[in-house]
Amino acid sequence: MDSPRERWIDEAAGPIVRPYAMTRGRTRPSGERLDLVTLLVATGRTTSEHVRLSPEQQRLLELCQRQNTVADLASELDLALGVVRVLLGDLHSQGLIEVRQAATPAEQPDRLLLRKVLNDLRAL
């Protein structure tokens, strides 16, 4: 029989570190508002000696080597969206990641031109 002090920890038990501990109790990111489809990418800058990144922030920085959305990052880390936003806000304020704006409709290619290219490729 298990003693009261002995407990099983498994996938169903949840994370050992609670999300509010990862954000030091903060519920809102500092700086720019990050919505689900905000595109983020690492700047390539290194952290200063006195700044220590959490394992979650290090993983986020690795994932941001390629452009990613906030929603994709939260999914990849299997963390709550609010937690990921706070951690990303910290990385952004340290200059380690930058926000990329999605292309505006005027910057996107013409649909008719794309359809013509597709049709011409099919005709080959």
Open item on the list: Working note: Leu36 + Thr69, criterion side-chain contact (heavy atoms from CB on, under 4.5 Å); need CA distance, chi angles, decisive distance, verdict.
Closed with: CA-CA 7 Å; Leu36 288 173; Thr69 65; over 6 Å; no
Min side-chain heavy-atom separation [X]-[Y] under 4.5 Å:
{"X": "Cys64", "Y": "Leu73", "value": "yes"}
{"X": "Lys116", "Y": "Asp120", "value": "yes"}
{"X": "Glu76", "Y": "Arg59", "value": "yes"}

Task: Any donor-acceptor N/O pair, Thr38 side chain to Val70 backbone, under 3.5 Å - done: no
Open item on the list: Please enumerate all residues that pass side chain to side chain contact (heavy atoms under 4.5 Å, CB included) together with Asn119, with sequence neighbours excluded.
Closed with: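 Asn119 satisfies side chain to side chain contact (heavy atoms under 4.5 Å, CB included) with Arg115, Arg122 only.
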- [ ] Only one of Leu40, Asp72, Leu39 passes side-chain contact (heavy atoms from CB on, under 4.5 Å) with Gln67; say which it is.
- [x]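 The option that passes is Leu39.
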Task: Linked, directly or transitively: Val117 and Leu124 (ILVMFWY side chains, under 4.5 Å) - done: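 Yes.
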Distance (rounded to the nearest 0.5 Å) between [X] [atom1] and [Y] [atom2]:
{"X": "Ile97", "Y": "Leu34", "atom1": "CD1", "atom2": "CG", "answer": "7.0 Å"}
{"X": "Arg52", "Y": "Gln57", "atom1": "CZ", "atom2": "CD", "answer": "11.0 Å"}
{"X": "Leu77", "Y": "Leu63", "atom1": "CG", "atom2": "CG", "answer": "6.0 Å"}

Task: side chain to side chain donor-acceptor pair (under 3.5 Å) involving Ser93 - partner list, sequence neighbours excluded - done: none
Open item on the list: The criterion is salt bridge (charged side-chain N to carboxylate O under 4.0 Å, His left out); which residues satisfy it with Asp35, sequence neighbours excluded?
Closed with: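 Salt bridge (charged side-chain N to carboxylate O under 4.0 Å, His left out) list for Asp35, sorted by chain: empty.
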- [ ] Just do the side-chain contact (heavy atoms from CB on, under 4.5 Å) check on Leu91 and Leu53 with the steps written out, would you?
- [x] CA-CA 9 Å; Leu91 293 173; Leu53 299 178; 3.8 Å; yes
Nearest atoms (heavy-atom pairs only) where [X] meets [Y]:
{"X": "Gln65", "Y": "Ala42", "answer": "NE2-CB, 3.4 Å"}
{"X": "Thr43", "Y": "Gly95", "answer": "OG1-O, 2.7 Å"}
{"X": "Ala74", "Y": "Leu81", "answer": "CB-CD1, 4.0 Å"}

